[in-house]
2 protein chains.
Amino acid sequence: MKPYVLIVEDEDALATLLEYNFGKEGFETALAMDGEEALLLASERTPDLILLDWMLPKLSGVEVCRRLRRRKETSKTPVIMLTARSDETDRITGLDFGADDYMIKPFSMPELFARTRALMRRAKPSLLEDIIRIGDIEVDSQAFRVKRDGELIHLGPTEFRLLDHFARHPGRVFSREQLLDAVWGRDVYVEARTVDVHIGRLRKALKRPGKSDPIRTVRSAGYAFEGVE
Amino acid sequence: MKPYVLIVEDEDALATLLEYNFGKEGFETALAMDGEEALLLASERTPDLILLDWMLPKLSGVEVCRRLRRRKETSKTPVIMLTARSDETDRITGLDFGADDYMIKPFSMPELFARTRALMRRAKPSLLEDIIRIGDIEVDSQAFRVKRDGELIHLGPTEFRLLDHFARHPGRVFSREQLLDAVWGRDVYVEARTVDVHIGRLRKALKRPGKSDPIRTVRSAGYAFEGVE
DNA sequence: GAGGTCCGTGACAAGTTTGTGAAAGAAACA
DNA sequence: TGTTTCTTTCACAAACTTGTCACGGACCTC
């Protein structure tokens, strides 16, 4: 489950360079060549970070950023503006209308990665870590293992992805449909109730006599995972 | 309540300048002259943002940042490093060990404020989440929870939506029809008196022996929700 | 203070949502 | 290929919600 970066850049050379480098660095990427496409792609799948060119066809970077901020899903997504301009006024404007950082072209890749990691760590610390700890449970999504007190817990692949998803969004309530999208995949037809069965199995696997259930059922809404207090 | 900024800077002139400017800009400030004092002040009251000099007596800025990140309260507090060095390696190190941004001295105040605002805008809502507080009651519409004094209050879905609606419009009187529209939905046929029953159930759930009823009945008009004084 | 209107609430039946064991395929593995 | 594990669906029970009603009390008007 790689972090997903949306690159919005109309210069072919730079776009390719960015895609190549981010791919190599372990990110999943998507490329939008203009502002409208950027908004479309961002709504199709919420990116974990957006690289946004200042000058764009159709919609300017400023306007794209403003609209992204208005949408609930992307209101907190980190945005790094890429700008050729260098005067201070523009920079401030860039930050003030909702971008989180900016880079002035030409910039160095290592620095861009550093800023990317810094912003991602803030927005979703769990994205960059291989091992996610939640409560007393350790989820190692690289090694596909789950541990508690050093004890391995065996899970089926689907249960694992389900737990992994929950662990990355602790406390948040997901509807069955959202879980199907995130864990099973966007275009798989599976009964919503199937989620219940897997939740049940996950619960059984994580259950411990004394402790309370880390998975909370939110009646008529879905499920949420919360570390045991 | 003003945002609280911790300034960690050992150069007298710059420290004073920062305190003065941030004060003028509407921030509450505290000043630490070395790394140890910084950690002490940060633990006394969690800042909303930290300005951290790279070179410090006793503990370096890097080390201070690292330790701040280890503490639960400050693990997500935005940190802006102030550095005199300008070579790229240092910058990256700075961002990679946990700082959110950096400024190279000498920097411009307007730009520092822009970055400050950008980071705070990101950090603040995450601290407050989508929790509405009304009186002593907390309504978390993201997590579908209601709390008072840390105690969870269980509500059925309809009661929850009802409370949520009230919490978003404190003090306002709603007719039964308005409540049906807002909570049940525009096109649901339900008796107006049903609202009464749910109000009753909500009251029972929120009731506390000593305190007064937060829901006010407005005879022949409807109901209003008011925090308890 | 009589009569009418409005409101609070316990009871309850109907409806909805969730938990779960079992069964039948699918898929992985060896 | 045969075995084992995993996934999906189904069916049913259990748990929980909900809308309505009926009754009694509160309040208002004249």
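Worth knowing before you read on, the calculation uses all heavy atoms, side chains too, and leaves out hydrogens, waters and symmetry mates. In what follows, every chain begins at residue 1, and chains take the letters A, B, ... in the order their sequences are listed.
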Whole-Å distance between dT20(D) C1' and Tyr189(B) OH?
10 Å
When rounded to the nearest 0.5 angstrom, what distance separates CG in Leu155(A) from CZ in Phe144(A)?
12.0 Å
Over how many whole Å does the gap from Asp196(A) atom CG to dA11(D) atom C1' extend?
14 Å
Report yes if at least one side-chain N or O of Trp184(A) is closer than 4.0 Å to OP1 or OP2 of dT8(D); otherwise report no.
yes
Nearest atoms (heavy-atom pairs only) where Ile137(A) meets Leu206(A):
CD1-CD2, 4.1 Å
Minimum heavy-atom separation for Gly171(B) and Ala224(B), please, with both atom names.
O-CB, 3.8 Å
Mind checking if Val218(B) touches a base, just sugar-phosphate, or nothing, with heavy atoms under 4.0 Å?
sugar-phosphate
What salt bridge (Lys or Arg N to Asp or Glu O under 4.0 Å) pairs are there with at least one residue in residues 170-180 of chain A, not counting sequence neighbours?
Arg176(A)-Asp196(A)
Polar atom pairs between nucleotides 22-30 of chain D and protein, under 3.5 Å, N or O only, would you list them?
residue	atom	partner	partner atom	Å
dC27(D)	O2	Arg219(B)	NH2	3.3

Out of curiosity, Glu19(A) CD to Ile7(A) CD1, how far, rounded to the nearest 0.5 Å?
5.0 Å
Starting at CG of Leu180(B) and ending at P of dT18(D), how long is that distance when rounded to a whole Å?
14 Å
Val197(A) or Tyr223(B): which one's nearest nucleotide on DNA chain C is closer to the 5' end?
Tyr223(B)
Categorize Thr194(A) for me: base, sugar-phosphate, or nothing, with a 4.0 angstrom heavy-atom threshold over every strand shown.
base
If you measure from CG on Leu179(B) to CG on Leu162(B), what distance do you get to the nearest 0.5 Å?
6.0 Å
Could you list where the contact with chain A starts and ends along DNA chain C, reading 5' to 3', using a 4.0 Å heavy-atom cut-off?
dT16(C) to dG21(C)
Contacts under 3.5 Å, N or O only, protein and nucleotides 3-6 of chain D:
residue	atom	partner	partner atom	Å
dC6(D)	OP1	His154(A)	NE2	3.0

Test of understanding: with salt bridge (charged side-chain N to carboxylate O under 4.0 Å, His left out), list the residues that count as partners of Glu11(A), not counting sequence neighbours.
Lys105(A)
4.5 Å side-chain heavy-atom contact, Asp53(A) and Val8(A)
no
When you get a sec, tell me which of dT18(D), dT7(D), dT9(D) is the closest nucleotide to the side chain of His198(B)?
dT18(D)
Using 30° and 60° as the class limits, which term best fits the ring planes of Trp184(B) and His198(B): parallel, tilted or perpendicular?
perpendicular
I need the CG-P distance between Leu162(B) and dT18(D), as an integer number of Å.
11 Å
Five pairs at each end of the helix from dG1(C)-dC30(D) to dA30(C)-dT1(D): take the axis at both ends and give me the angle between them to 10°.
40°
Can you tell me how far apart CD1 (Ile153(A)) and CZ (Arg208(A)) are? Round to the nearest 0.5 Å.
8.0 Å
Say you draw a straight line from CG of Leu68(A) to OG of Ser43(A); how long is it, rounded to the nearest 0.5 Å?
9.5 Å
Leu56(A) and Leu52(A), any side-chain heavy atoms less than 4.5 Å apart
yes
